[in-house]
Amino acid sequence: MSRYNFKETEAKWQAAWNAQGTFRAVEDPSRPKYYVLEMFPYPSGRLHVGHARNYALGDVVARYKRAQGFNVLHPMGWDAFGLPAENAAIANKVHPAKWTFQNIDVMGGQLRLLGLSYDWSRELATCTPEYYVHEQRLFLDFLDKGLAYRKESWVNWDPVDQTVLANEQVIDGRGWRTGAPVEKRKLSQWFLRITHYAEELLDALATLDRWPDKVRLMQERWIGKSSGLRFRFDMVGRPDTIEVFTTRPDTLYGASFVALSPNHPLAAELAEKDPKVAAFIAECNRLGTSEAAIETAEKLGHDTGLRVAHPFDPDRTLPVWIANFVLMEYGTGAIFGCPAHDQRDIDFARKYDLPVIPVVVPETEDPATFSVENEAYTGPGLLRNSGFLDGLDVEAAKRAAIARMEELGRGEGTTVYRLRDWGVSRQRYWGCPIPVIHCDACGVVPVPRDQLPVTLPEDVSFDRPGNPLEHHPTWKHVSCPQCGGAARRETDTFDTFFESSWYFARFASPQYAKGPFTREAAQYWLPVDQYIGGVEHAVLHLLYSRFFTRAMRDCGYLDLAEPFAGLMTQGMVTHATYREAGGDWLYPEEVEIRDGRPVKRAGGGSVEVGRLEKMSKSKKNVVGLEHMVETYGADTVRLLLLSDSPPDRDLEWTEAGIDGAWRYVGRLWRFVTEPSLPLPPHGAPAPASFGEKALAARRATHKTIAAVTQDLDRFHFNKAVARIRELTNTLAELDGAGEGAPEDQAWALREGAEVLIKLVNPLMPHLAEELWQRIGGTGLLADQSWPAADPSLVVEDTVKVAVQVNGKLRATIDLPRDAAQPEAEAAALAEPNVQRAMEGKPARKVILVPNRIVNVVV
RNA sequence: GCGGACGUGGCGAAACCGGUAGACGCAGCAGACUUAAAAUCUGUUUUCCGGAAGGGAGUGCGGGUUCGAGUCCCGCCGUCCGCACCA
């Protein structure tokens with residue numbers, strides 16, 4: 001019994017693919033192209049098996065499409081700017097560039113171990129000037145087109161470190177390093193006008209038919225189109241007005257207060273004179289900028305003492321509050337509260353004892369007694385207590401209220417989006433410099449295109465908090481390109497989503513220096529046919545990329561709106577977590593099972609096994625990729641990543657699972673290298689006829705081709721693996737015994753083995769190449785075409801049909817394919833078990849589902 | 001809080017458009033080979049009653065539609081993901 005030497009074999013075939021340039025992609029207009037892309041990684045350190053899943057999935061698609069004759073583009077690169085590099089710089093005194101490139105080296109080597117079919121000649125890293133110079137040009141284009149602009153917006157501010165914090169660095173309202181309560185600060189920042197495309201981004205979702213519905217739905221909700229009314233309240237005793245937006249103009253007569261966002265200009269004005277208002281706003285600002293934090297916080301309000309007149313009933317006035325749950329970014333930053341019909345409003349009203357006036361009454365309720373306690377009524381009904389709206393239903397009342405407001409000239413029906421413009425300024429070093437200069441005389445001046453790229457200075461220190469670009473002695477001091485006077489470089493850098501919003505297009509011509517890509521290459525390769533990555537990117541990255549593609553289109557770079565024709569979102573790889581008595585996390589390899597109980601390998605201390613969680617360094621529940629590949633080989637790791645769960649679901653990494661995959665690798669190896677019958681040579685003519693057993697094996701082979709092809713088309717890789725294993729089991733039963741000549745079986749075995757090798761190739765390419773060579777196949781398996789199923793061997797002549805009596809299974813019968821009702825009915829009723837279950841009663845009805853079921857109803 | 005998903009044996013899962021629930025694998029049990037172990041191979045494995053034939057129950061919980069529901073509808077419960085400066 002020979003053993004498969006994966007170490008030698010994997011290295012051998014990787015070298016062969018490399019030497020022959022097998023996966024080098026070259027444009028060829030005569031062939032159909034297929035562009036497969038996995039979301040490129042952030043080079044954070046080392047890869048664990050969780051990272052590898054994404055790439056294994058993509059590689060199956062790439063190799064499968066290759067076998068089907070497509071000209072495949074399958075590139076890989078590095079999303080190389082980002083916060084962790086700066087954190088490493090602060091913690092370990094390593095320069096972000098050095099840290100990043102070291103990680104790229106390590107991770108690139110790890111990826112190569114997996115035998116992925118990348119065209120490595122297209123590798124790119126976004127932190128190189130060769131990459132980001134194009135994005136600086138694109139930004140200037142956007143500026144020319146009015147797609148980029150500057151406005152004030154809020155950031156999280158750590159008052160101790162004097163630094164802007166990311167949302168992730170704010171924990172329970174405090175800075176992660178200093179523990180100081182976070183404040184919100186206003187800064188002037190760059191924005192991209194994604195809202196210009198809101199309607200188009202929304203409409204085009206319908207065309208993305210190869211995207212998961214859930215992702216389209218999430219984007220739809222994120223864009224959040226809603227129609228309603230924008231109108232102005234007159235203030236009592238002041239000449240100005242407060243503008244509000246509502247989607248429920250029908251409930252206006254139920255209004256009992258007006259609430260301003262703490263960041264509303266009027267709130268700021270009041271705060272100048274009233275320290276209590278200022279204190280309240282400061283308290284709200286301690287929540288930071290994250291919407292989740294704001295919306296989960298306890299509802300708080302402050303009565304400003306101002307009042308506004310009700311627009312339909314000027315004798316009525318409403319108090320003006322400042323409330324922490326009103327977002328400045330949505331609508332107008334001010335609302336009217338109708339507690340009876342909005343849950344947030346009623347929570348607020350009950351807390352501050354404001355009136356609750358029901359104005360929509362469900363038709364099943366008596367208007368005289370209908371009341372709302374602590375749960376808002378948001379369903380349909382008829383209007384009451386609402387002046388001219390009385391008796392209308394909700395929709396009619398909305399229309400009437402808008403019409404009246406427009407007549408009065410104090411408001412208009414309008415459509416608003418939840419989607420906000422994309423703030424791209426970051427007060428950080430490790431990002432792409434924003435190519436503008438600030439001149440006291442000329443204002444904001446773009447860096448002239450012939451002076452691009454604006455590169456990052458290398459001599460920076462992270463000794464003190466804040467943005468090193470800001471502290472750099474010389475970098476920001478430049479002369480104004482317009483007037484030549486002293487001016488300052490912009491020290492903010494781009495959000496790293498900027499890089500990932502167009503990298504897929506750069507891969508079309510990654511070496512082209514004169515622009516982001518060539519038109520011809522983009523024309524040929526784009527859009528990405530299949531994009532693969534985690535659901536966590538369902539909204540932001542994917543929406544930004546869709547926006548960017550349109551912005552690039554409108555700047556004349558390409559003729560395309562949608563970057564990703566197909567999308568697959570994969571689940572996480574999870575692993576149990578381990579904690580020792582002291583509470584410290586342990587790596588899986590530090591734990592072993594002794595006498596059925598988990599203990600710490602060193603010392604034998606007791607270990608608590610926690611729940612399954614996404615593999616992450618912080619919980620130490622990671623399984624190193626290199627270690628696994630060294631122990632079991634790349635193919636075994638790939639098989640487990642593909643076989644145990646459907647791609648979109650989470651996958652639990654277990655020792656038992658990897659053992660099972662390893663066992664199959666050995667089984668397939670022995671099946672082909674030590675066949676149970678002497679195999680005829682490659683290409684030997686088929687015998688004139690086949691015996692029963694050989695024919696059954698051939699049927700299984702061709703059915704498996706059909707099934708696996710369908711499974712791969714649908715990305716059901718786990719099912720494809722199950723079918724491949726099943727075929728292996730079936731073919732292993734061929735032993736030459738039984739009816740028919742042994743030669744028939746040997747031929748069927750050879751046919752089956754070749755098919756198996758080809759089917760397994762996208763999943764375990766090294767093993768498949770080796771077996772292909774050993775079985776006498778010619779050329780590289782990577783260049784062979786996908787097998788085709790013989791239709792005459794796929795369909796069976798007889799089928800097993802279930803017989804039910806009153807929906808309960810009582811027997812199964814064999815019927816000819818597509819048997820008609822009388823025949824099926826007769827066969828079903830003839831079954832003794834069916835007779836017994838019918839208890840002598842006549843059949844009232846017999847339902848036939850062809851080739852599946854006969855249901856006798858008595 | 002808002003938005004999105006998911007829930008099937010001891011475990012990972014399969015079940016196409018509403019049609020035989022549990023394919024395939026893991027773990028377990030029994031056996032073969034072996035001095036022994038490992039590896040490998042064979043059988044068995046949702047659960048309850050039964051010697052068997054056969055029968056009852058069963059897809060998070062409670063209802064409903066249907067000849068027939070894991071699948072569709074209504075209401076709960078639980079878990080996970082996203083929420084705009086993590087990537």
Side-chain angles (χ1 to χ4, degrees), chain A residues 1 3 39 41-42 44 79 81-84 87 155-156 164-170 189 212-215 217-218 220-222 224 288-297 299 325 329 343-344 347 418-428 495-497 500 534-541 543-544 571-572 574 611 613-614 643-646 648-652 654-657 659-661 663-664 666-667 670 710 714 716 718-719 721-726 729 732 800-812 833 836 844-847 849 852-858:
Chain A
M1 195 163 75
R3 248 174 115 84
M39 290 180 185
Y42 178 77
S44 56
D79 188 12
F81 273 137
L83 207 44
N87 293 336
V155 294
N156 299 307
V164 177
L165 297 176
N167 278 340
E168 134 181 292
Q169 298 172 320
V170 178
Q189 309 200 62
D213 289 343
K214 63 172 175 180
V215 174
L217 193 58
M218 278 191 255
E220 185 184 325
R221 298 289 161 96
W222 186 265
T289 60
S290 127
E291 194 175 311
I294 291 166
E295 293 222 21
T296 46
K299 288 181 183 46
F325 64 90
E329 291 80 12
Q343 192 57 41
R344 287 195 294 192
D347 293 343
R418 207 184 73 98
L419 181 68
R420 313 200 290 257
D421 277 337
W422 173 15
V424 293
S425 296
R426 298 290 181 272
Q427 295 69 41
R428 312 203 183 284
D495 177 5
T496 58
F497 274 123
S500 56
V535 242
E536 64 272 23
H537 295 291
V539 176
L540 292 180
H541 161 59
L543 195 61
Y544 290 153
M572 309 176 295
T574 62
R611 21 177 249 135
E613 294 197 61
K614 177 180 179 171
S643 66
D644 261 26
S645 283
D648 57 351
R649 224 188 282 186
D650 289 353
L651 177 121
E652 185 190 353
T654 60
E655 276 296 307
D659 284 342
R663 216 168 299 157
Y664 180 70
R667 191 168 152 77
R670 289 187 301 276
Q710 200 183 62
R714 295 178 184 172
H716 294 172
N718 56 325
K719 284 160 66 182
V721 170
R723 287 184 162 128
I724 288 169
R725 294 181 107 126
E726 213 168 4
N729 293 342
K800 285 223 180 309
V801 172
V803 183
Q804 299 180 335
V805 178
N806 289 338
K808 272 190 190 291
L809 180 73
R810 295 299 170 187
T812 55
N833 231 13
R836 191 170 339 122
R844 277 200 295 131
K845 196 156 113 185
V846 179
I847 292 153
V849 182
R852 286 200 171 263
I853 233 169
V854 179
N855 190 12
V856 182
V857 186
V858 297

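Letters A, B, ... mirror the listed sequences (proteins, then strands); counts begin at 1. From a predicted model like this one, the values you see are computed outputs, not experimental measurements. Every heavy atom of this structure was used, including side-chain atoms; hydrogens, water molecules and symmetry mates were not.
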Grab the [atom1]-[atom2] distance between [X] and [N] for me, whole Å please.
X: A:Ile294; N: B:G1; atom1: CD1; atom2: C1'; value: 11 Å
X: A:Arg649; N: B:A13; atom1: CZ; atom2: C1'; value: 7 Å
X: A:Asp650; N: B:A5; atom1: CG; atom2: P; value: 16 Å
X: A:Lys719; N: B:C16; atom1: NZ; atom2: C1'; value: 7 Å
X: A:Asp213; N: B:G3; atom1: CG; atom2: C1'; value: 16 Å
X: A:Asp648; N: B:A13; atom1: CG; atom2: C1'; value: 13 Å
X: A:Gln710; N: B:C16; atom1: CD; atom2: P; value: 11 Å
X: A:Leu809; N: B:G18; atom1: CG; atom2: P; value: 21 Å

TODO: Mind checking salt bridge (charged side-chain N to carboxylate O under 4.0 Å, His left out) for A:Arg428 and listing every partner two or more places apart, or none if nothing turns up?
DONE: none

Open item on the list: List the residues meeting salt bridge (charged side-chain N to carboxylate O under 4.0 Å, His left out) with A:Arg420, not counting sequence neighbours, and say none if there are none.
Closed with: A:Glu291

Open item on the list: Just so I know, are the side chains of A:Thr496 and A:Tyr42 near enough to count as touching, which here means a heavy-atom distance under 4.5 Å?
Closed with: no

Open item on the list: Within the 4.5 Å heavy-atom criterion, are A:Arg810 and A:Val803 side-chain neighbours or not?
Closed with: no

Atom [atom1], compared across [N] and [M]: separation rounded to whole Å:
N: B:G68; M: B:G19; atom1: C1'; value: 7 Å
N: B:U8; M: B:G78; atom1: C1'; value: 16 Å
N: B:A5; M: B:A27; atom1: P; value: 36 Å
N: B:C11; M: B:U59; atom1: P; value: 15 Å
N: B:C72; M: B:G18; atom1: P; value: 7 Å
N: B:G10; M: B:G58; atom1: P; value: 15 Å
N: B:G9; M: B:U44; atom1: C1'; value: 15 Å
N: B:C49; M: B:C33; atom1: C1'; value: 39 Å

Open item on the list: Does B:U20 have its OP1 or OP2 closer than 4.0 Å to a side-chain nitrogen or oxygen of A:Arg852?
Closed with: yes

TODO: State whether A:Lys808 places a side-chain N or O below 4.0 Å from either non-bridging phosphate oxygen (OP1 or OP2) of B:A57.
DONE: yes

TODO: Determine, for nucleotides 82-87 of chain B in 5'-to-3' order, which nucleotides have protein heavy atoms under 4.0 Å from the base (write B), from only the sugar-phosphate (write S), or from neither (write -).
DONE: SBBBBB

Taking only residues two or more places apart in sequence, or in another chain, which ones meet [X] in a side-chain hydrogen bond (donor to acceptor under 3.5 Å, both in side chains)?
X: A:His716; value: A:Lys719
X: A:Gln343; value: A:Asp347
X: A:Lys214; value: none

Task: Test item: A:Asn806 side-chain N/O and A:Val858 main-chain N/O as donor-acceptor pair under 3.5 Å - done: yes

Between the protein and nucleotides 67-74 of chain B, are there any N/O to N/O pairs under 3.5 Å, and if so, what are the atom names and distances?
{"residue": "B:C67", "atom": "O2", "partner": "A:Asn855", "partner atom": "ND2", "Å": "2.5"}

Could you write out each protein N or O paired with an N or O of nucleotides 24-33 of chain B at a distance under 3.5 Å?
{"residue": "B:G25", "atom": "OP1", "partner": "A:Asn729", "partner atom": "ND2", "Å": "3.0"}
{"residue": "B:C26", "atom": "OP1", "partner": "A:Arg663", "partner atom": "NH1", "Å": "3.2"}
{"residue": "B:A27", "atom": "OP1", "partner": "A:Arg663", "partner atom": "NH2", "Å": "3.3"}
{"residue": "B:A27", "atom": "OP2", "partner": "A:Arg663", "partner atom": "NH1", "Å": "3.3"}

For [X], side-chain contact (heavy atoms from CB on, under 4.5 Å) partners two or more places apart:
X: A:Val801; value: A:Val799, A:Ile813, A:Leu815, A:Val854
X: A:Arg836; value: A:Asn833
X: A:Pro41; value: A:Tyr55, A:Met76, A:Trp78, A:Met107
X: A:Gln710; value: A:Arg714

Task: Residue met sooner reading RNA chain B from 5', once A:Val215 and A:Ala802 are mapped to nucleotides - done: A:Val215

TODO: Select base, sugar-phosphate, or nothing to describe what A:Ser645 touches, counting heavy atoms under 4.0 Å on all strands.
DONE: sugar-phosphate

TODO: Scan A:Lys299 against the nucleic acid and name what it touches under 4.0 Å (heavy atoms): base, sugar-phosphate only, or nothing.
DONE: nothing

- [ ] Check the side chains of A:Asp650 and A:Ser645 for a donor-acceptor pair under 3.5 angstrom, ignoring hydrogens and angles.
- [x] no

TODO: Check the side chains of A:Asn729 and A:Arg667 for a donor-acceptor pair under 3.5 angstrom, ignoring hydrogens and angles.
DONE: yes

Counterpart base for [N], defined by Watson-Crick or G-U wobble contacts under 3.5 Å:
N: B:G1; answer: B:C83
N: B:G7; answer: B:C77
N: B:A30; answer: B:U42
N: B:A23; answer: none

Task: Where the chi angle of B:C17 falls, syn if within 90° of 0 and anti if not - done: syn

Open item on the list: For B:G50, does the O4'-C1'-N9-C4 or O4'-C1'-N1-C2 angle fall within 90° of 0, making it syn, or is it anti?
Closed with: anti

Task: Proximity to the side chain of A:Arg810 - top-ranked nucleotide from B:G56, B:G4, B:G1 - done: B:G56

